[in-house]
J.: 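What follows is a single structure, and I will ask about it in a moment.
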Amino acid sequence: MYDRLLAHYGPQGWWPGDGPFETIVGAILTQNTAWTNAARAIDNLKAAGAMSAAALRAMPEEALAEVVRPSGYFNAKARKLKAMADFLGRYGDTIEPWRTMQPKTLRAELLAVHGIGPETADDIVLYVAGLPSFVMDVYTQRIVDRMLPRHGLRGYDAYQALFERHLPHEAPLFNEYHALLDAHAKDVCTKREPRCASCVLSDLCATGRRTVK
Ligand code: SF4
């Protein structure tokens with residue numbers, strides 16, 4: 001799957017963003033919304049001079065909510081951003097110590113931060129700390145469901161384990177693979193009416209084999 005997706009789409013150059021802190025902020029702001037909305041909130045944060053942990057801690061929560069309004073759920077996201085800024089403060093406002101941590105240890109610490117669920121934690125472990133933790137978003141789950149309709153997997157961690165069990169634990173591979181699956185789900189394996197006839201995975205996929213003659 002990986003080889004075919006890479007050959008078809010090419011390297012995706014993820015994560016979109018300017019540096020580790022902006023990637024953390026983006027991972028929170030893109031929860032339950034399209035990236036375009038998160039990007040508008042990021043632009044607002046930059047314009048307000050608030051793209052740093054110290055600036056987020058200093059800004060009143062209500063004011064921060066207004067700044068990130070374009071991302072939706074802005075009151076909740078303001079609280080999450082402040083919680084993450086506090087967490088980063090425990091590391092001296094630098095992510096450098098994260099790079100040498102065990103991925104599961106960092107993931108567990110992130111999951112204890114207010115508003116950080118498994119997908120956001122994995123985004124940060126992989127795309128900020130550069131450690132191997134496979135990101136399992138709804139796009140990838142949709143592809144898995146269609147390729148292996150009888151998989152019997154339940155919940156985020158079970159889907160994640162399917163990939164982590166069968167791949168070398170290398171951050172560059174996990175990075176590119178997640179981005180490629182995302183591109184594939186948006187372009188071809190779409191929510192409604194997947195375009196199986198033009199899919200590079202059709203012969204590997206139970207749904208594709210059934211529908212492509
Ligand atoms: S063959 Fe169809 S269902 Fe299977 S991965 Fe491709 S687009 Fe999705």
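Numbering of residues begins at 1 and proceeds along the displayed sequence. Both counts, for ligands and for their atoms, begin at 1 and track the order of listing.
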J.: Which protein atoms of type N, O or S are found under 2.8 Å from atom 2 (Fe) of ligand 1?
T.: C196 SG
J.: Donor-acceptor pair, R99 side chain versus G130 backbone, under 3.5 Å?
T.: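 Not at all, since once roles are kept as given, no pair shorter than 3.5 Å links the two residues.
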J.: Decide if the gap between the ring center of F174 and the ring center of F163 is smaller than 6.0 angstrom.
T.: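 Not close enough - the centres of the two rings lie 6.0 Å or further apart.
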J.: So does E164 pair up with K104, basic N to acidic O under 4.0 Å?
T.: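 Here E164 pairs with K104 in a salt bridge, since their nearest N and O are under 4.0 Å apart.
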J.: Would W98 and L88 count as a side chain to side chain contact (heavy atoms under 4.5 Å, CB included) here? Give the steps.
T.: CA-CA 10 Å; W98 296 0; L88 201 53; 3.5 Å; yes
J.: Is it the case that the side chain of Y127 and the backbone of W14 share a donor-acceptor pair, with hydrogens and angles ignored and the cut-off at 3.5 Å?
T.: no
J.: Strictly distance-based, threshold 3.5 Å: is any side-chain N or O of N44 a donor or acceptor partner for the main-chain N or O of V67?
T.: yes
